[in-house]
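For reference, the structure discussed in these notes is given below.
A quick note: this is a predicted structure, and the numbers were derived from the prediction, not measured. Start at 1 and go down the list; that is how both ligands and their atoms are numbered.
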Amino acid sequence: MRIKVDFDLCESNGLCEAMAPEVFELDDDDFLQLKVEQTTPENVDHVKRAAAACPRAAITLED
Ligand code: SF4
């Protein structure tokens, strides 16, 4: 699945990075960066947890 972030909604609170640091990372300017754009069998559970935890509902997954 493709990982999408609505950067207009993101408030850079780092919750997704805490849940899936292999995928999400806040850079030095507190902008969220995606390290990968697709889920893998290894990261998909973490990505889904991050999406559920995001208080801004900024993370979505597309087939
Ligand atoms: S959890 Fe949501 S609001 Fe927080 S940094 Fe990640 S995408 Fe942005």
Side-chain angles (χ1 to χ4, degrees):
M1 284 178 285
R2 185 176 170 82
I3 306 164
K4 298 200 71 177
V5 174
D6 186 332
F7 293 101
D8 291 331
L9 291 176
C10 175
E11 61 185 17
S12 299
N13 56 35
L15 284 175
C16 54
E17 183 179 25
M19 301 269 176
E22 71 275 46
V23 175
F24 304 99
E25 182 176 58
L26 288 175
D27 67 18
D28 292 342
D29 295 318
D30 267 357
F31 288 118
L32 185 64
Q33 304 291 334
L34 275 178
K35 294 179 173 179
V36 296
E37 295 195 344
Q38 297 282 339
T39 59
T40 64
E42 292 76 28
N43 72 22
V44 67
D45 287 346
H46 287 176
V47 173
K48 286 182 176 176
R49 245 186 289 165
C54 177
R56 305 283 293 167
I59 303 167
T60 52
L61 296 173
E62 289 182 353
D63 285 329

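- Across every non-hydrogen atom of Lys48 and Met1, the tightest pair is CE-CE, 3.9 Å.
- Atom 8 (Fe) of ligand 1 has Cys10 SG as protein N, O or S atoms under 2.8 Å away.
- Judged purely by atom type and a 3.5 angstrom limit, Asp29 has no side-chain atom pairing as donor or acceptor with the backbone of Phe31.
- Distance alone, capped at 3.5 Å, places no donor-acceptor pair between the Arg49 side chain and the Met19 backbone.
- The two atoms that bring Lys35 and Pro21 nearest to each other are NZ-O, 2.9 Å, heavy atoms only.
- Qualifying salt bridge (Lys or Arg N to Asp or Glu O under 4.0 Å) partners for Glu37, counting only residues two or more places apart in sequence or in other chains: Arg2.
- Taking both residues in full, the closest heavy atoms of Asn13 and Pro55 are given as ND2-CG, 3.3 Å, listed atom of the first, atom of the second, then distance.
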